[in-house]
Amino acid sequence: MEHDLRLVVVAAVVCFAACMTAFRLFSRIRGSQGMVRAAWLLLTGLVAGSGVWATHFIAMLAYAPGLPTGYEPLGTLASLMIAVVVIGGGFAVGAARRDSDNQVAGGVLIGLGVAAMHYEGMAAFQTQGEIVWEHAIVGASVLFGVVGAVAALLVAGRARTLSRQLMAGSLFAMGVCALHFTSMGAITVIPDPTVVVPEQLLSGGVLTFAITGITSMIVLGGLGAVVIEAQTSRSALERTRRLANAAYEGIVVVEEGRVNDANAAFCALVGASLDEVRGMWVEGELLAFDGAVGARDVERRREAMLRPRDGSVEIPVEVFARVLDDGRRTESAGLFVLAIRDLRERRSAEEKIRYLAEHDGLTGLPNRNALQTRLSAALDRVEASREGLALLCLDLDKFKEANDLHGHAAGDALLVEAANRISEILPAPSFAARLGGDEFVIVQIGGRDQPAAAAELANRILESLRKPFIYEGHELSLSVSIGVSLCPDDGRTAAALMANADMALYRAKESGRDRYRFFKREMDETIRERRSLARELKAAIAAEELMVYYQPQARTSDGEVCGFEALVRWNHPTRGMIPPVEFIPIAEESGLIEALGAFVLNRACADAVAWERPLNVAVNLSPLQLNQPGLSAMVHGVLIESGLPPRRLELEVTESALFKDYQRALDNLRQLKALGVRIAMDDFGTGYSSLSTLQSFPFDKLKIDKSFVESIHRHDRATAIVKAVLSLGRSLDIPVVAEGVETGEQLAFLRGENCAEVQGYAIGRPAPVETLANWTNPLARKTAPRRRSTAA
Ligand code: C2E
Ligand code: CA
Ligand code: CA
């Protein structure tokens with residue numbers, strides 16, 4: 001045999017070692033970039049090229065044709081260069097892109113590189129004879145080399161596993177060996193003693209050591225690089241793992257839909273160890289996404305439910321997926337990282353905020369906002385199902401009283417109690433809401449036959465709230481007034497139902513409270529009118545559209561005018577003069593009375609100051625004003641501002657003003673009196689007219705109501721009352737004024753009974769301030785008629 005078998009084995013070993021190292025290095029090229037990539041490429045080219053080259057020469061050494069042989073140095077070196085450059089280039093092409101075209105092209109180039117190296121090396125081979133080539137075999141050898149390299153690159157692909165690298169290396173090595181030994185079979189050496197093998201050629205022995213040394217070093221260097229790199233990447237992996245475990249969020253590496261790796265936080269969330277979760281399906285087994293898209297929906301936050309392994313309740317989580325590109329695997333390998341955040345804490349905070357935003361803090365009932373949304377949802381539902389819906393507006397009858405009498409804590413307790421009693425009665429899906437203050441709303445859903453169902457519910461609530469409520473030993477009564485509107489009869493929208501139930505509530509209160517009223521169309525009209533009047537009144541007060549008329553009061557003894565009563569007038573732009581009996585109650589009910597009262601007082605004081613004679617001016621106070629805390633301060637301010645001496649001002653109050661809050665009214669009266677203002681009791685005889693009222697406070701004047709005066713001589717009872725009041729005044733030393741004196745007859749009677757003063761059409765009608773000159777101006781008196789009457 002022409003080959004030394006031992007050297008053939010050495011050649012094969014070197015070849016396999018070099019090829020495998022080359023493919024191990026080749027795998028590193030993928031994951032790196034820039035300089036590092038170039039370095040890995042260079043190293044691959046060096047190892048593969050020199051390895052193949054060494055294989056060739058060791059195998060050549062094993063070849064002993066039995067003739068003197070030698071190698072031409074330049075050609076030998078050139079073959080090494082060719083090997084490194086062309087094979088390196090082939091690897092570069094193979095690594096450039098991730099498709100099989102590139103791998104085939106790279107493989108072809110590598111195969112051709114091996115062939116070029118081989119035949120260039122053969123060209124440098126000299127022996128004592130003529131070398132004859134069999135061309136068909138040469139062609140086959142090149143084909144073997146190319147096929148081996150292409151197969152190797154295709155197998156190597158993008159896989160980073162050692163087995164793949166070994167396989168690729170082996171294929172490549174087999175290709176190289178096949179090329180070499182096939183090619184050697186194509187040679188026939190015809191000895192020719194005339195051929196001289198030059199002396200300076202490299203001999204076999206020198207080459208053996210040089211080649212083996214260089215190659216081993218390169219191969220070892222390549223292996224070393226790979227080992228070091230693996231080591232550093234392992235410690236990097238370790239660091240990454242520690243980092244991942246320190247993360248608050250759950251982190252899961254998903255491969256092909258299954259858990260490949262997970263951090264401690266994720267394991268804790270799932271309640272299982274890493275070994276247990278590894279290999280589990282992420283979607284379905286561990287996470288449930290709503291909708292079709294799941295974990296693979298990358299770069300987008302999604303919410304999902306996490307299923308703990310112990311079967312406990314699912315945990316709401318937020319999932320963020322990202323494709324993991326570590327350079328080793330392709331996207332088609334389905335490698336994802338999921339970051340998973342526990343949403344429970346955030347959810348419970350959200351729920352708390354939502355709860356607070358939708359519920360009344362005191363009673364826990366839905367508040368006004370929640371009512372709006374829930375009512376419109378309920379309306380949509382009944383619209384579709386054609387069920388009935390009733391809206392009940394509730395207003396506690398004695399809430400303010402309890403609040404004033406027992407304090408705010410008692411008021412709050414009362415509201416809570418009322419809310420509880422209402423809730424107890426309501427069957428779902430009906431619900432109650434608190435609008436604020438002592439106002440509640442009930443939405444009754446699905447009452448079978450309305451209005452009977454709503455009436456029944458209203459009755460049950462009335463009954464339940466009638467039972468007294470004990471608070472700190474006090475028995476607080478707690479009745480309620482209810483207004484009911486029905487859908488669709490009284491309205492289909494929330495706004496219409498609310499407005500109409502509110503009107504019905506107003507009627508319920510007006511008819512004596514502690515009852516319910518259904519909305520009726522007629523209500524609508526009168527109440528609407530009252531409402532619009534209240535709105536207009538508000539504007540009229542602000543625009544000072546109201547006027548003050550003055551009605552004279554005269555001494556009975558000599559008929560001399562000693563003062564005027566200020567009486568408010570509203571000259572409405574379209575309705576004309578509206579009498580105070582019509583708009584004062586509206587002002588009281590809509591909270592406008594304070595502003596109205598202040599306006600009249602201001603005007604009356606300012607007018608009176610301008611009178612040349614220091615006549616008195618009397619101003620009416622509403623019972624509500626007498627219960628108003630800052631009353632005396634307000635009056636004081638007006639007196640100072642106008643400059644009217646306090647003794648010229650008289651304030652008329654009615655007995656009823658004392659009933660609401662006796663103590664506060666009395667306090668106010670005392671403070672007013674301390675200012676030097678006089679206080680008259682108005683409409684005496686119509687209320688309780690109790691002696692105790694007169695004794696409790698030193699009134700400066702009693703005014704007999706005009707209903708008695710007009711009955712003088714017509715009804716004995718009325719005459720008797722007038723007489724009694726007059727004698728009461730005398731005994732208490734309080735001067736008495738008779739109101740509504742229209743006739744001379746009445747005047748004569750009163751004079752005979754020693755009534756101090758008179759007021760009425762017989763003296764003068766209420767009139768604008770400009771018409772008072774003949775009373776207020778001493779000079780005018782002489783020229784103008786003594787009495788004048790102006791239309792009221
Ligand atoms: P009042 O305080 O009893 O006022 C007397 C009312 O009797 C006035 O009606 C006056 O015009 C009317 N009057 C006077 N003399 C006669 C007469 O000879 N015959 C008849 N038939 N009536 C006479 P007016 O002005 O319509 O006021 C009605 C009520 O409105 C007042 O009753 C008073 O309670 C209230 N009021 C008027 N102005 C004010 C005000 O500025 N503030 C408050 N809070 N109430 C006012
Ligand atoms: Ca009066
Ligand atoms: Ca009166």
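In listed order, ligands and their atoms are each counted from 1.
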Nearest N/O/S atom of [X] with respect to the Ca ion (ligand 2), by atom name, please.
X	value
Glu565	OE2
Asp682	OD2
Glu652	OE1

(message) For Arg507, is there an ion pair with Glu510 - N to carboxylate O distance below 4.0 angstrom?
(response) yes

Based purely on interatomic distance, does [X] place a nitrogen or oxygen under 3.5 Å from a nitrogen or oxygen of ligand 1?
X	result
Asp682	yes
Ala566	no
Glu742	yes

(message) Test of understanding: given a 4.0 Å heavy-atom threshold, classify the contact between Asn620 and ligand 1 as side chain, backbone, both, or neither.
(response) both

(message) Has Arg751 got a side-chain atom pairing as donor or acceptor with Thr556's backbone, closer than 3.5 angstrom?
(response) yes

(request) Tell me whether the centres of the aromatic rings in Trp611 and Tyr550 are closer together than 6.0 Å. (result) yes

(message) Among Val653, Leu567, Leu546, which one puts a heavy atom closest to atom 4 (O) of ligand 1?
(response) Leu567

(message) Is the ring pair His474/His406 parallel, tilted or perpendicular, if the boundaries are 30 and 60 degrees?
(response) tilted

(request) Just say parallel, tilted or perpendicular for the rings of Phe469 and Tyr471, cut-offs at 30° and 60°. (result) tilted

(request) Examine Glu739 and say whether one of its N/O/S atoms is closer to the Ca ion (ligand 2) than 3.0 Å. (result) no

